[in-house]
Structure formats: structure tokens, C-alpha cells
**Student:** 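Below you'll find the structure I mean.
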2 protein chains.
Amino acid sequence: MSTTDTQSNAKTISRADKARKPRASTAATRERIIEAAMAVFANRGYNNSSLLEIADQAEMTHAGVLHHFGSKDNLLTAVLAHRDDADVAELHDHKLPTGAAMLEHLVHTARANAKRPGIVQAYAVLSVESVTENHPAQNFFRDRLAGLRVIVSDALRAVVSDNVPQHQINQAASLIIATMDGLQVQWLLEPDVIDMAAGVETTITAVVAQLNAGRPGGDATQS
Amino acid sequence: MSTTDTQSNAKTISRADKARKPRASTAATRERIIEAAMAVFANRGYNNSSLLEIADQAEMTHAGVLHHFGSKDNLLTAVLAHRDDADVAELHDHKLPTGAAMLEHLVHTARANAKRPGIVQAYAVLSVESVTENHPAQNFFRDRLAGLRVIVSDALRAVVSDNVPQHQINQAASLIIATMDGLQVQWLLEPDVIDMAAGVETTITAVVAQLNAGRPGGDATQS
DNA sequence: TAAGTGTTACGAACGTGTAAGTAAGTCAAT
DNA sequence: ATTGACTTACTTACACGTTCGTAACACTTA
């Protein structure tokens with residue numbers, strides 16, 4: 001986010017406030033490149049992708065891509081940040097649901113994901129690739145996972161009985177997230193065998209029941 | 001398994017059965033290379049690994065590595081096949097446990113894995129990388145996942161009540177495997193926060209309970 | 001000598017990033 | 001309104017490193 005150099009600050013208008021539209025609308029071009037990069041990263045992984053292929057798909061030369069993003073690393077972070085604007089924004093800013101609604105939202109997300117294998121693959125591949133040495137997206141995915149754990153933990157907390165210890169809730173959150181991620185990989189390899197949404201739903205139900213099992217007074221709130 | 005070409009057939013001894021140790025014992029050398037490759041693949045992913053680095057760690061030149069394995073692709077399949085000899089063999093040939101014992105074995109495996117991050121990382125990285133285009137390990141991991149699903153399904157079948165429908169068992173098996181894989185990634189990124197063994201145990205308990213919940217007469221067999 | 005292990009040396013391809021040039025547009029001043 | 005200074009978007013060309021794989025040679029053992 002902060003590492004980016006040129007423009008980006010909303011408008012970059014320093015001397016011209018009236019009509020901003022140089023040649024091909026820099027914002028639109030960046031978007032085009034980012035989407036091309038997303039597709040190529042998904043199909044090839046980050047390391048195995050080349051700027052040439054990305055540029056081809058964006059209908060430019062690879063030098064043109066570098067003009068906009070400076071380096072391949074920067075392009076990757078831009079891709080990840082961009083997706084967050086569209087996806088996590090839906091969770092964060094947009095008054096993310098709480099409690100049971102949030103858990104249902106996870107199932108909904110899994111169902112939606114089944115219709116966009118490209119994005120699923122990009123995130124699956126990049127997130128795991130990020131555990132390799134000096135990978136530029138390492139912090140991004142670490143933070144993302146941590147954030148997700150908090151969100152899911154909070155949702156679980158609202159759904160289970162009060163006396164469930166926090167560490168159990170945290171663990172349960174990790175498990176739910178792990179299941180979602182693991183299922184994605186299985187689904188990518190065998191889309192016909194795996195039903196991501198059903199799997200996530202079953203897992204949530206099972207884990208919530210498990211949390212409430214220890215103590216009475218809990219309420220499942222699941223179907 | 002079947003896709004491999006050279007060697008693999010147990011010993012490779014074709015002309016000298018008595019004293020095998022020309023200069024550095026070809027089998028031992030191969031082993032050394034495979035272990036170096038495993039380590040490098042784990043740290044860098046397959047695509048981002050170089051034969052040079054692998055050769056360095058095996059104390060050879062990269063041409064020496066190629067002399068033994070012919071190509072980088074072949075080396076990868078050899079690495080994967082080799083690990084299967086040591087890991088899955090423990091499950092397959094070695095009278096793999098059945099039913100509840102098998103499920104406990106999964107927990108045990110998770111605990112053991114927490115002590116060998118290198119191997120965990122290699123499998124995590126390679127398995128996800130394998131979903132990318134034309135990846136040489138694609139079939140390997142697809143088959144591996146399918147095999148695992150069968151093993152876990154069988155174990156679950158032995159543990160839950162008879163009238164649980166098979167498709168629920170299959171789904172549960174997928175979920176357990178997904179959780180194990182997903183937890184590995186989280187653990188690789190934050191080893192201190194994630195307890196793989198505990199997570200797997202919780203998941204198994206929860207999923208088994210869930211399976212038995214529908215019908216009476218089930219017995220959990222879990223602690 | 002024969003066979004196998006391993007080395008040095010090399011070729012060809014590819015990938016990232018830089019440099020320099022061109023086209024297209026904006027702004028300021030006439 | 002036209003001109004000239006300057007910026008922006010993008011291209012072609014290239015420098016430079018890295019990589020896989022091959023070929024030819026050397027050493028060791030039998």
C-alpha cells in the first residue's frame with residue numbers, strides 16, 4: 001500500500017483540476033493490467049509468471065507494465081490490495097455482518113467462490129507460495145489470516161455460550177478458516193467431487209456444536 | 001507413482017549385486033540429492049528453485065545432479081515418490097491402522113509434522129503449486145488426495161453408526177483433510193499461534209460427533 | 001579396456017529492469 | 001489561437017543475470 005511510488009493519491013492533480021483524461025485514462029489502464037496480472041498469477045503462480053505474459057494479456061509491452069508499477073513485486077502487491085478493495089471491503093467497511101449472520105456469510109462466500117475459480121486459484125496459489133523465502137506477499141497473507149481469525153472468532157463468540165474459553169474459540173476460528181482454504185485446493189483439483197459451500201457449512205455447524213458441547217446453556221443458532 | 005520413469009523400482013541394481021560402492025555409492029548419492037532437493041523445494045517452491053542451489057547443497061555441480069535424474073521434472077517426481085516410500089508406506093504397507101486408531105494416527109502425524117517444518121512446507125507448497133498450469137506434480141497430488149480421502153473415509157465408516165450415508169462420510173473425510181492442509185499453512189506462517197495436532201483432534205471429534213448426531217446408536221470412540 | 005560418476009565449459013532461452021525515443025496531450029504565455 | 005515548455009503513456013532496444021540442459025572430458029574402479 002504505502003510502498004507504491006507514483007500517483008495513486010486519488011487524483012494526482014497538482015496543476016490541473018478541471019479535465020483529467022490524458023490518453024487512455026491511467027486508472028483504467030492500471031485496472032486492465034491488474035486484472036491481467038491476477039489471471040496470470042492464478043494460472044502460473046507468482047514466480048513462474050512473466051511480465052511478458054501479463055503484458056500480452058493487457059495488450060501492452062512488458063515495459064509499459066513496468067511504467068505503471070515499477071516492478072513485478074509492486075504489481076503483485078497492487079493486485080492483492082486491489083482485490084481487498086473489492087472483496088474484504090465487502091466484509092469490513094460495508095458493515096460486515098456479525099455473529100450468526102457472519103458465519104452464514106462465510107458459507108455464502110464459499111458458494112460465490114465456486115463460480116470464480118480464477119480468483120480462488122490466485123489466492124490459493126499466492127497464499128501458499130507466500131510461505132517461501134523472501135516472498136513479497138508474506139506479510140500480506142500473514143496479516144490477512146490474522147485478521148480473518150479475529151473476525152471469525154468474534155462471530156463465534158457471539159454464537160456460543162459465554163463460558164466457552166477464548167482459546168477454544170480462537171482455535172475453532174483457525175479450524176474453520178483452515179477448512180475453507182484446504183477445501184479450495186481440493187476443489188481446484190477436483191471441482192466435481194468437492195462442494196465447498198456444503199463443506200464449510202458442515203464444518204461450522206460441527207465446530208459450533210463442539211464448542212457448546214462442553215457446557216450447557218449454549219445455543220447453536222445453526223440450521 | 002506410475003508416472004515416474006527411471007529407477008524407483010526398489011533397488012536399481014542390475015549388474016552388481018555383491019559389493020555396491022564404486023566411489024560414492026550411487027544409491028547414497030541419489031538419496032543425498034533428493035534430500036537436498038526436498039529442502040530447496042520447500043524453501044523456494046518448485047519453479048523458483050534452481051538446480052544450482054540443489055547441487056550446492058548436495059555438494060556437487062548441477063550437471064552432476066542432471067546425470068542422476070536427467071531433468072528437473074524427474075527430480076521432482078523422484079522427491080515425491082521418495083517421500084511416499086517413507087511416509088505413506090508407513091500408512092499403506094505397514095499395516096496401516098484402521099478405524100479409530102487410524103484417526104488417532106492422523107493426530108499423531110500432525111504432532112510429528114510440527115517437528116519437521118521442512119517437509120511440511122515442501123508438501124504444502126508443492127501441492128498447491130501443482131494446481132498451476134502444466135505442473136509436473138499435478139497428477140501426483142490429485143491421486144494422493146483421492147487416496148487420502150478413501151483412507152479417511154474408511155476409518156470414519158468404522159467409527160460412526162452404520163446408517164450414516166456414505167456421501168456424508170466422504171464429505172467429512174474431505175473436511176478433515178482440508179483442515180489438516182489449511183492448518184499447515186497457518187502454522188507455517190505463525191508457528192507459535194497454531195497447534196496443528198490439537199486442531200486436527202478437535203476437528204475429528206467435532207466431525208465424528210456431527211456424523212453421529214443425526215442418528216442414535218452411534219459411538220464416538222473419541223476421547 | 002570398459003563402465004560409471006562426476007566436472008568444466010558452453011549454448012540457447014528467458015526474465016527483469018533500464019534507457020532512450022516517440023506520440024499525445026496539458027499548461028502558460030503570448 | 002497558436003506556440004513552445006513540459007508531462008504522461010507507451011514502445012523498441014538492450015544489458016545483464018539466471019536457468020536448464022548438453023557435450024566433452026577426467027577420474028575411479030573393476
Side-chain angles (χ1 to χ4, degrees), chain A residues 5-9 11-34 36-37 40-41 44-77 133-136, chain B residues 5-7 11-34 36-37 40-41 44-78 134-136:
Chain A
D5 38 334
T6 42
Q7 46 70 253
S8 86
N9 266 357
K11 273 128 203 258
T12 319
I13 39 175
S14 36
R15 95 200 68 226
D17 307 359
K18 36 185 79 171
R20 242 339 50 225
K21 185 186 159 268
R23 170 159 43 259
S25 160
T26 153
T29 303
R30 284 177 61 97
E31 181 101 1
R32 219 175 63 229
I33 297 173
I34 283 178
V40 175
F41 287 159
R44 296 283 227 248
Y46 173 73
N47 283 313
N48 202 33
S49 294
S50 74
L51 292 178
L52 180 68
E53 191 172 352
I54 292 167
D56 276 357
Q57 250 186 63
E59 290 174 310
M60 303 179 60
T61 59
H62 89 279
V65 172
L66 285 172
H67 169 72
H68 283 281
F69 293 94
S71 75
K72 195 182 168 190
D73 272 28
N74 275 351
L75 176 56
L76 173 60
T77 64
E133 275 180 2
N134 303 333
H135 197 284
Chain B
D5 37 338
T6 43
Q7 51 72 252
K11 274 135 206 252
T12 318
I13 41 174
S14 37
R15 97 198 66 225
D17 306 359
K18 37 185 83 168
R20 252 316 75 215
K21 187 182 159 277
R23 165 156 60 261
S25 160
T26 153
T29 302
R30 285 178 60 95
E31 182 101 1
R32 219 174 65 230
I33 296 173
I34 282 176
V40 175
F41 287 160
R44 297 278 227 250
Y46 173 73
N47 284 311
N48 202 34
S49 294
S50 74
L51 292 178
L52 179 67
E53 190 171 351
I54 291 167
D56 276 356
Q57 250 187 61
E59 291 173 311
M60 302 181 58
T61 59
H62 89 278
V65 172
L66 284 172
H67 170 71
H68 284 282
F69 294 95
S71 75
K72 193 182 170 190
D73 272 27
N74 274 352
L75 176 55
L76 172 61
T77 64
N134 303 332
H135 196 283

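We use all heavy atoms of the structure for the numbers below, so side chains are in, but hydrogens, waters and symmetry mates are not. Residue numbers begin at 1 in each chain, while the letters A, B, ... track the order of the sequences.
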**Student:** To the nearest Å, how far apart are A:Asp73 CG and C:dG15 P?
**Tutor:**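 Rounded to whole Å, this separation is 16 Å.
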**Student:** Take B:Phe41 and B:Ile54, measure what side-chain contact (heavy atoms from CB on, under 4.5 Å) needs, and give me the verdict at the end.
**Tutor:** CA-CA 9 Å; B:Phe41 287 160; B:Ile54 291 167; 3.8 Å; yes
**Student:** Show the numbers, then the answer: is there a side-chain contact (heavy atoms from CB on, under 4.5 Å) between B:Thr29 and B:Met60?
**Tutor:** CA-CA 10 Å; B:Thr29 302; B:Met60 302 181 58; 4.2 Å; yes
**Student:** Name the closest nucleotide to the B:His68 side chain, picking from D:dA9, C:dG6, D:dT11.
**Tutor:**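 Nearest to the side chain of B:His68 among the choices is C:dG6.
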**Student:** Whether B:Thr29 contacts C:dT5 is assessed here as follows: a side-chain N or O lying under 4.0 Å from the phosphate OP1 or OP2. Is that the case?
**Tutor:**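 Answer is no, no contact under 4.0 Å.
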**Student:** Could you give the CZ-to-P distance, from B:Phe69 to D:dT22, as a whole number of Å?
**Tutor:**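 Atom CZ in B:Phe69 sits about 16 Å away from atom P in D:dT22.
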**Student:** Atom NZ of A:Lys72 to atom C1' of C:dC14: distance rounded to whole Å?
**Tutor:**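 From A:Lys72 NZ to C:dC14 C1': 12 Å.
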**Student:** Any idea which heavy atoms bring A:Ala58 and A:Arg32 closest together, and the distance?
**Tutor:**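 Between these two residues, the closest heavy atoms are O-NH2, 3.0 Å.
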**Student:** Supply the atom-to-atom distance B:Ile33 CD1 to B:His67 NE2, rounded to the nearest 0.5 angstrom.
**Tutor:**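 One finds 9.0 Å between CD1 of B:Ile33 and NE2 of B:His67.
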**Student:** Counting C-beta onward and ignoring hydrogens, is there a side-chain heavy-atom pair between A:His68 and A:Ile34 closer than 4.5 Å?
**Tutor:**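 No, side chains not in contact.
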**Student:** Can a side chain N or O of B:His67 be found less than 4.0 Å away from OP1 or OP2 on C:dG4?
**Tutor:**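 B:His67 to C:dG4 OP1/OP2: no side-chain N or O under 4.0 Å.
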**Student:** Can you see if the side chain of B:Thr61 gets near the phosphate of C:dT8 - specifically, an N or O under 4.0 Å from OP1 or OP2?
**Tutor:**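 It does not, given that no N or O in the side chain of B:Thr61 lies less than 4.0 Å from OP1 or OP2 of C:dT8.
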**Student:** Could you please name the option among C:dG17, C:dT8, C:dG6 that lies closest to any side-chain atom of B:Met60?
**Tutor:**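 The closest nucleotide is C:dG6.
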**Student:** Do any side-chain nitrogens or oxygens of B:His62 fall under 4.0 Å of OP1 or OP2 in D:dC20?
**Tutor:**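 No.
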**Student:** Looking only at non-hydrogen atoms, find the nearest pair between A:Arg44 and A:Ser49 and report the distance.
**Tutor:**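 Heavy atoms of A:Arg44 and A:Ser49 come nearest at CB-OG, 3.4 Å.
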**Student:** How long is the line joining CG of A:Leu66 and C1' of C:dA20, in whole Å?
**Tutor:**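 Value for this atom pair: 15 Å.
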**Student:** Enumerate the residues from residues 44-56 of chain B whose closest heavy atom to DNA chain C is under 4.0 Å, giving them by residue number; use none for an empty result.
**Tutor:**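 Per residue number, the list is empty: none.
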**Student:** Quickly work out the A:Leu75 CG to C:dG17 C1' distance and round it to whole Å.
**Tutor:**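 Whole-Å distance recorded here is 14 Å.
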**Student:** For a quick check under 3.5 Å, do A:Tyr46 and A:Asp73 share a side-chain donor-acceptor pair by atom type?
**Tutor:**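 A pair is found: one side chain offers a donor N or O, the other an acceptor, under 3.5 Å apart.
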